[in-house]
Structures are given as C-alpha cells and as structure tokens.
Asks: 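Provided herewith is a single structure, encoded as structure tokens, for subsequent inquiry.
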Amino acid sequence: MATNLIKNNFNNARPFLKWAGGKTQLLLELERRFPKSIRKSRVIKRYIEPFVGGGAMFFYLKNHYLVKESILMDVNPELIMAYRVIQQDVDKLITILADMETEHLQKGENARKENFYSIRADYNQQLELVDYLDYGTGWIQRTASLIFLNKTCFNGLFRLNSKGEFNVPFGRYKNPNICDEANLHAVHQALEKTEILCADFTHAQHFIKKDTLVYMDPPYRPLNSTSHFTSYSGERFCDHDQEKLARFYQKMDLKGAFLVLSNSDPKNHDLEDNFFDELYRKYAIDRVPAKRNINSNTSSRGEINELIIRNFND
C-alpha cells in the first residue's frame with residue numbers, strides 16, 4: 001500500500017531557489033544513514049526540518065517516501081513567505097513570473113542589467129513595508145521578485161547584508177529559466193498538508209516527539225576566518241549558536257526522535273580542530289566527501305569532507 005501511494009504522489013519536485021549549501025549532492029549519503037525501519041517501510045510518520053533552506057531533503061523525501069506529516073521551519077521570513085505563496089497561490093505566482101521572464105528575455109544585456117537592478121532596488125526598498133504576519137497579495141509579487149533575483153543574479157545566490165537587503169550583483173545568463181512552471185506546480189503539490197513556520201530552530205521542540213525524523217542543516221561553521229558567506233537571514237550563525245544547537249540536539253535526543261544533522265568539517269582546514277567532535281561526542285559522526293561550488297575564490301572550491309551526525313546507529 002505504501003509503495004502505491006508513493007508512486008501516485010511522485011512529482012519530482014526539487015528546490016525552487018538555488019541555495020548555497022544546498023544538500024542535493026549529499027542526499028544519498030544522508031538517506032543511507034536514515035533508520036532502517038524508515039528505509040525499509042518507505043514511510044515517515046512525522047518529518048521536521050528546522051532549517052529548511054532550499055528544501056532539497058524535503059523534496060527528495062516527498063518524492064521517494066510516504067511522508068504523513070511534515071513541518072518546515074526557517075528563521076528567514078522572506079524564504080518562508082516564498083514557501084507559503086507557492087503552497088497557497090502558485091498559479092498567480094506563475095502568471096507574474098511568466099510575465100517577468102518574457103519582459104526580461106526580450107531585452108539586450110545592458111537592458112537586462114538595468115532591469116535586474118531596478119527590481120532589486122524595489123525589492124529592498126519595500127523591505128520595511130512587508131507584513132510577515134498577515135498573508136496578502138503583496139506576498140505573491142514579492143516572492144516573484146525574489147525568485148527572479150535568484151535566477152538572474154551572479155551565481156544564483158540568496159544572500160542578505162546586515163540590513164536584510166538582497167545584495168548579490170547581476171549575473172550574465174543567456175537564457176535563465178525564471179519561471180519553471182512544472183517545478184513550481186510540483187513544489188506546490190509537495191507542500192500540500194505541510195505546516196510552514198517562520199521561527200528559530202528551538203521552536204521545533206514543540207512538535208518533536210518519539211520516532212519523529214528530524215533533519216538539521218544549520219548555516220555551516222566557516223572552515224576558516226575568510227570563508228564566511230555573509231548571511232541568508234541578515235545575521236550570522238556563530239559558534240555560540242552552534243553550541244546552542246548542540247544542546248537542543250541533546251534535548252531532542254531524550255525525546256526519542258531520530259536526529260540527523262549535517263555541518264562543515266573543521267578538520268578540512270585544521271586537523272586539530274575538534275569543535276564538532278567534542279560537541280557531539282556522544283553520537284555517531286561520519287565524514288563524507290562533498291563539493292563546495294559557491295565561492296568567489298576558485299581555489300576554495302573542490303572536494304572536502306562534511307559531517308553527518310546521528311543519534312542512532314542502525
């Protein structure tokens with residue numbers, strides 16, 4: 001029965017934003033470390049992701065498992081706004097995006113650049129006027145602008161400065177896919193019956209219980225003093241926050257939840273750096289190869305290890 005339901009619900013949804021630190025390339029490594037009971041049954045009773053970001057793991061699970069309950073969270077209000085718009089008003093969003101794409105692609109490169117910076121300026125100027133608590137039609141236009149900027153900016157990033165403004169420059173793409181209608185519909189389907197919350201990761205404790213599958217993908221600890229990515233939410237996630245997350249992890253472990261966490265491996269840069277080994281010394285820590293692609297310094301790109309931390313061994 002579960003297998004049939006999965007096939008019926010399969011829609012191949014994938015992240016609708018390009019997200020630095022996204023987990024697409026690590027999905028299979030992460031899945032191999034899920035509890036055997038979940039991998040065998042292909043059923044997840046309750047799934048919670050406190051740092052949803054681009055949502056690569058969530059969409060993968062919705063495509064390949066029967067997820068009965070799901071709760072997605074992130075502290076970034078702009079990101080959560082986009083998820084909720086796609087969940088509730090995907091057709092209106094597609095209409096706006098399609099018009100933006102048509103207008104943009106018929107321009108020459110200089111005009112495209114002007115168009116990008118005009119939309120970025122409007123997006124940032126409207127920041128103080130946004131009501132993140134009251135869903136309204138303005139959310140749809142803002143989400144369309146966010147997706148447009150993500151698809152047309154340099155390296156396809158989502159990055160905010162300390163004021164919360166989108167500050168990525170223009171990217172030169174010949175034919176950017178600004179309105180991916182098929183995927184937006186697939187994402188909409190994947191988000192049905194999903195609770196979407198704008199909150200700090202600690203808020204997830206109200207929903208986590210025994211046998212809940214929780215995947216935590218926090219902002220990565222920088223490998224060295226020069227590798228900060230600035231921010232996805234206007235605020236850094238410092239070592240103090242990593243320590244706070246480790247304490248939260250321990251508390252959720254006591255509830256009997258299945259916990260999977262990923263982070264950067266400090267030993268890529270300093271073999272003596274045991275920061276995470278000490279924080280999670282009670283748990284299973286695996287080092288797996290991954291590639292870092294989004295970095296202005298090409299010498300900093302390439303294969304490195306990342307950490308996958310679990311509170312179970314099966």
Asks: Between OG1 of Thr152 and OH of Tyr117, what distance do you get to the nearest 0.5 Å?
Replies: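 The OH atom of Tyr117 is 10.0 Å from OG1 of Thr152, to the nearest 0.5 Å.
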Asks: State, yes or no, whether a side-chain contact exists between Leu197 and His203 at a heavy-atom distance under 4.5 Å.
Replies: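 With C-beta onward as the side chain, the pair touches.
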Asks: Any side-chain heavy atom of Met81 within less than 4.5 Å of one from Asn76?
Replies: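 When only atoms from C-beta onward are counted, Asn76 and Met81 do not touch, as no gap falls below 4.5 Å.
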Asks: Between Leu261 and Asn263, which heavy-atom pair has the shortest distance, and what is it?
Replies: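 For Leu261 and Asn263, the tightest heavy-atom pair comes out as CD2-CB, 4.3 Å.
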Asks: For Tyr65 together with Tyr47, are the ring centres under 6.0 Å from each other?
Replies: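 Tyr47 vs Tyr65: aromatic centres not under 6.0 Å.
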Asks: Testing the basics here: between Tyr280 and Ala246, what is the closest heavy-atom pair and its distance to 0.1 Å?
Replies: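 Taking Tyr280 first and Ala246 second, the nearest heavy atoms are OH-CA, 3.3 Å.
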Asks: Side-chain contact test, heavy atoms from C-beta onward, threshold under 4.5 Å: evaluate it for Arg42 versus His64 and give yes or no.
Replies: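 Yes. Closest side-chain heavy atoms under 4.5 Å.
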Asks: So does Asn150 get a backbone contact from the side chain of Lys18, meaning a donor-acceptor N/O pair under 3.5 Å?
Replies: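 Answer holds: no.
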Asks: Using modelled atom types only, decide if a donor and an acceptor are shared between the side chain of Gln87 and the backbone of Leu191 within a distance under 3.5 Å.
Replies: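 Indeed, once roles are kept as given, a pair shorter than 3.5 Å links the two residues.
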Asks: Applying side chain to side chain contact (heavy atoms under 4.5 Å, CB included), run through Leu28 and Arg32 and close with a yes or a no.
Replies: CA-CA 6 Å; Leu28 295 182; Arg32 290 189 190 105; 4.3 Å; yes
Asks: Just by distance, with hydrogens left out, do Glu78 and Tyr132 show a side-chain donor and acceptor under 3.5 Å apart?
Replies: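 The criterion, which ignores hydrogens and geometry beyond distance, is satisfied for Tyr132 and Glu78.
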Asks: Given side chains that start at C-beta, do those of Glu49 and Ile71 come closer than 4.5 Å, heavy atoms only?
Replies: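 No - every pair of side-chain heavy atoms lies 4.5 Å or more apart.
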Asks: Given side chains that start at C-beta, do those of Leu259 and Tyr249 come closer than 4.5 Å, heavy atoms only?
Replies: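 The answer is yes; the side chains approach within 4.5 Å.
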Asks: Between Tyr173 and Ile178, is the side chain to side chain contact (heavy atoms under 4.5 Å, CB included) condition met? List the steps.
Replies: CA-CA 11 Å; Tyr173 302 106; Ile178 297 168; over 6 Å; no
Asks: Would you say Thr143's side chain and Ile140's backbone share a donor-acceptor pair under 3.5 angstrom?
Replies: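 A pair under 3.5 Å: no.
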Asks: Taking the six-membered ring of Tyr135 (Phe, Tyr or Trp), confirm whether the NZ or CZ of Arg84 is under 6.0 Å from its centre and within 45° of its axis.
Replies: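 Judged by the rule, Arg84 and Tyr135 form no cation-pi pair.
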Asks: For the residue pair Ala204 and Phe248, what are the closest heavy atoms and their distance?
Replies: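 Scanning both residues, the minimum pair turns out to be CB-CZ, 4.1 Å.
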Asks: Rounded to the nearest 0.5 Å, how far does NZ of Lys36 lie from CZ of Phe312?
Replies: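 If I round to the nearest 0.5 Å, the distance is 11.5 Å.
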Asks: Any heavy-atom pair between the side chains of Arg46 and Lys68 that's under 4.5 Å?
Replies: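 Not in contact.
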Asks: State whether a side-chain donor-acceptor pair under 3.5 Å links Asn311 with Asp253.
Replies: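 Per modelled atom types, Asn311 and Asp253 side chains form a pair under 3.5 Å.
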Asks: I'd like to know if the side chain of Glu109 reaches the main chain of Arg172, judged simply by a donor and an acceptor atom lying under 3.5 Å from each other, with no hydrogens or angles considered.
Replies: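 Not confirmed, Glu109 side chain does not pair with Arg172 backbone.
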Asks: Please determine whether salt bridge (Lys or Arg N to Asp or Glu O under 4.0 Å) holds for the pair Asp211 and Lys45, giving the CA-CA distance in whole Å, both sets of side-chain angles, and the decisive distance to 0.1 Å.
Replies: CA-CA 8 Å; Asp211 294 337; Lys45 293 179 181 179; 5.3 Å; no
Asks: In the structure I gave you, are the side-chain heavy atoms of Ile304 and His269 within less than 4.5 Å of one another anywhere?
Replies: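 No, their side chains stay 4.5 Å or more apart.
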Asks: Counting only heavy atoms not in His206, do more than 12 fall under 6.0 Å of its NE2?
Replies: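 Counting other residues, nucleotides and ligands, NE2 of His206 exceeds 12 neighbours.
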Asks: Phe34 and Phe258: aromatic ring centres closer than 6.0 Å?
Replies: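 Here the rings of Phe258 and Phe34 have centres that are no less than 6.0 Å from each other.
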Asks: What's the spacing between Ile196 CD1 and Ser70 OG if we round to 0.5 Å?
Replies: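 It comes to 8.5 Å.
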Asks: Is Phe166 close to Ser145 at the side-chain level, that is, under 4.5 Å between some pair of heavy atoms?
Replies: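 SC-SC contact between Ser145 and Phe166 ruled out.
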Asks: Atom NZ of residue position Lys255 - does it have more than 12 heavy atoms of other residues, nucleotides or ligands inside 6.0 Å?
Replies: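 Enclosed: over 12 neighbouring heavy atoms sit under 6.0 Å from NZ of Lys255.
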Asks: Could you give the distance from CD1 (Ile309) to CZ (Arg281), rounded to the nearest 0.5 Å?
Replies: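 If we round to the nearest 0.5 Å, Ile309:CD1 and Arg281:CZ are 12.5 Å apart.
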Asks: Quick one, Asn274 with Glu278, criterion side chain to side chain donor-acceptor pair (under 3.5 Å). Give me CA distance, side-chain angles, the key distance, then yes/no.
Replies: CA-CA 6 Å; Asn274 296 310; Glu278 289 296 326; 5.3 Å; no
Asks: For Asp91 and His185, what are the C-alpha separation, side-chain angles and deciding distance, and is it a side chain to side chain contact (heavy atoms under 4.5 Å, CB included)?
Replies: CA-CA 8 Å; Asp91 289 330; His185 277 299; 3.0 Å; yes
Asks: Which atom pair, heavy atoms only, marks the closest approach of Leu127 to Gly164?
Replies: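 Distance-wise, the nearest heavy atoms are CD2-O, 3.6 Å.
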Asks: Give the C-alpha distance, both sets of side-chain angles, the deciding distance and a yes or no for side chain to side chain contact (heavy atoms under 4.5 Å, CB included) between Phe158 and Cys153.
Replies: CA-CA 9 Å; Phe158 181 97; Cys153 72; over 6 Å; no
Asks: For the residue pair Asn313 and Ala284, what are the closest heavy atoms and their distance?
Replies: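 Minimum heavy-atom separation between Asn313 and Ala284: OD1-CB, 3.5 Å.
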Asks: Please check if the side chain of Asp241 supplies one atom and the backbone of Cys238 the other of a donor-acceptor pair under 3.5 Å.
Replies: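 Checking the backbone N and O of Cys238 against the side chain of Asp241, a donor-acceptor pair under 3.5 Å is found.
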Asks: I'd like to know whether Arg14 forms a salt bridge (Lys or Arg N to Asp or Glu O under 4.0 Å) with Asp180, so could you lay out the CA-CA distance, the side-chain angles of the two residues, the decisive distance to 0.1 Å, and finally the verdict.
Replies: CA-CA 11 Å; Arg14 62 186 186 280; Asp180 189 343; 2.4 Å; yes
Asks: More than 12 heavy atoms of other residues, nucleotides or ligands under 6.0 Å from CD of Glu192: is that the case?
Replies: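 Correct, the count exceeds 12.
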Asks: Between the main-chain N or O of Tyr123 and the side-chain N or O of Arg142, is there a donor-acceptor pair closer than 3.5 Å?
Replies: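 Such a contact is found between Arg142 side chain and Tyr123 backbone.
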Asks: Can you check whether Cys179's main-chain N or O pairs, donor with acceptor, with Glu101's side chain at less than 3.5 Å?
Replies: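 Side chain of Glu101 to backbone of Cys179, a donor-acceptor pair under 3.5 Å: yes, one is there.
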Asks: Ignoring hydrogens and geometry, is there a side-chain-to-backbone donor-acceptor pair from Ser264 to Arg221 under 3.5 Å?
Replies: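 Such a contact is found between Ser264 side chain and Arg221 backbone.
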Asks: Output yes when a side-chain donor or acceptor of Arg310 lies under 3.5 Å from a complementary backbone atom of Tyr283, and no otherwise.
Replies: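 Checked: no pair found.
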Asks: Flag yes if more than 12 heavy atoms outside Lys107 fall under 6.0 Å of its NZ atom; otherwise flag no.
Replies: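 More than 12 heavy atoms, drawn from other residues, nucleotides or ligands, come within 6.0 Å of this atom.
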Asks: Determine whether the aromatic ring centres of residues Tyr215 and Phe58 are separated by less than 6.0 angstrom.
Replies: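 Judged by ring-centre distance (under 6.0 Å), Phe58 and Tyr215 do not meet the cut-off.
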Asks: Mind listing the closest non-hydrogen atom pair of Glu29 and Arg33 along with its distance?
Replies: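 Result for this residue pair: O-NH1, 2.7 Å.
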Asks: Would you say CG of Asn177 has more than 12 non-hydrogen atoms from neighbouring residues, nucleotides or ligands within 6.0 angstrom?
Replies: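 Count over threshold, so yes.
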Asks: Are the side chain of Gln242 and the backbone N or O of Pro219 linked by a donor-acceptor pair below 3.5 Å?
Replies: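 A pair under 3.5 Å: yes.
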Asks: CD1 of Ile80 to CG of Leu72: how many Å apart, nearest 0.5 Å?
Replies: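 Output value for this atom pair is 7.0 Å.
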Asks: Rounded to the nearest 0.5 Å, how far apart are CD of Glu103 and CG of Leu105?
Replies: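 Going from CD on Glu103 over to CG on Leu105, the span is 10.5 Å.
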